[in-house]
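To keep things clear, I will list the structure first and then write my remarks on it.
We count ligands from 1, going down the list as the structure has it; atoms in each ligand are counted the same way.
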Amino acid sequence: MTDENPLLKQAISLSGDPDAIRKFYADWAETYDVDLLQTIGYVGPRIAAEALVKRLPKTALVLDAGCGTGLVGSELISRNSALTIDGIDLTPAMLEYSRSRGTYRNLSQADMMGSLSGIDDNIYDGIVSAGVFTNGHVGPEGIDELLRIAKPGAPIVLTVRDSAWEADGFKATVEQLEQDGKTRTLEITHCPYHTKEDVYCELVVLEVV
Ligand SMILES: C[S@@+](CC[C@H](N)C(=O)[O-])C[C@H]1O[C@@H](n2cnc3c(N)ncnc32)[C@H](O)[C@@H]1O
């Protein structure tokens with residue numbers, strides 16, 4: 001194991017400021033895939049896609065929330081080529097890389113810390129978000145809008161970096177959602193996240209009630 005990559009250290013210090021996040025990821029977009037997959041052994045997209053695909057029917061409409069350069073879309077489509085995948089992200093430069101993959105139906109810019117007002121209620125059969133619910137990015141308040149746009153019974157798969165899980169209120173929010181009867185928690189698994197560093201995440205699977 002090596003020390004945490006300096007870019008990743010910077011990423012988790014962004015304090016949720018949308019302008020800072022957009023600039024940071026615009027500067028990083030070109031080398032993001034190589035830096036994450038090869039240098040740190042990032043497996044968020046793979047574990048999240050696996051967890052979602054096994055809970056979906058063959059044909060399903062899926063949202064990749066915080067799609068970045070489209071790593072999750074590629075993991076989804078390699079497991080089930082019949083899926084229809086939309087993506088949203090805050091950073092236009094990252095969305096351009098997703099667009100170039102040709103795996104997404106619609107891609108649009110959206111801030112997951114606010115209202116996803118361009119998306120109707122109850123339309124997605126499943127939602128996945130890898131690498132977004134983490135320190136300095138999107139907090140647990142971002143989950144509510146995902147519940148609104150997912151169909152009842154839809155699985156919602158999130159990776160939550162373990163440094164944010166309790167400290168940023170994700171654990172408490174997931175427990176509260178279940179107590180309030182809004183979700184059923186199907187899985188919370190502590191997993192390696194950056195396999196070449198000592199960084200873990202919680203793989204969280206919720207079902208919308
Ligand atoms: C670490 S990348 C993860 C990208 C992709 N899901 C993956 O696993 O490779 C984090 C992404 O979250 C996006 N992001 C950060 N804050 C956001 C927000 N408030 N709303 C939507 N996207 C956001 C960034 O633009 C960036 O593309």
Practice prompt. Check whether the ring centres of F24 and H137 lie less than 6.0 Å apart, and answer yes or no.
Written response: no
Practice prompt. Please collect all ring-ring contact (aromatic ring centres under 6.0 Å, His included) contacts where either partner lies in residues 151-172, sequence neighbours excluded, each pair once.
Written response: F133-F170
Worksheet item: Under the side-chain hydrogen bond (donor to acceptor under 3.5 Å, both in side chains) test, which residues partner Y32, sequence neighbours left out?
Response: none
Worksheet item: Side-chain donor-acceptor pair under 3.5 Å between D162 and Y193, yes or no?
Response: no
Response to the item:
With T39 as partner, the option from L37, L36, D35 fulfilling side-chain contact (heavy atoms from CB on, under 4.5 Å) is D35
Item to complete: Enumerate the protein residues lying less than 4.0 Å from ligand 1, judged by heavy-atom distances, in chain and residue-number order.
Response: I21, Y25, Y32, Y42, P45, G66, C67, G68, L71, D89, L90, T91, M94, A110, D111, M112, M113, A130, G131, V132, H137, V138
Practice prompt. State which residues pass salt bridge (charged side-chain N to carboxylate O under 4.0 Å, His left out) with R79; sequence neighbours excluded, sorted by chain then number.
Written response: E50, E75
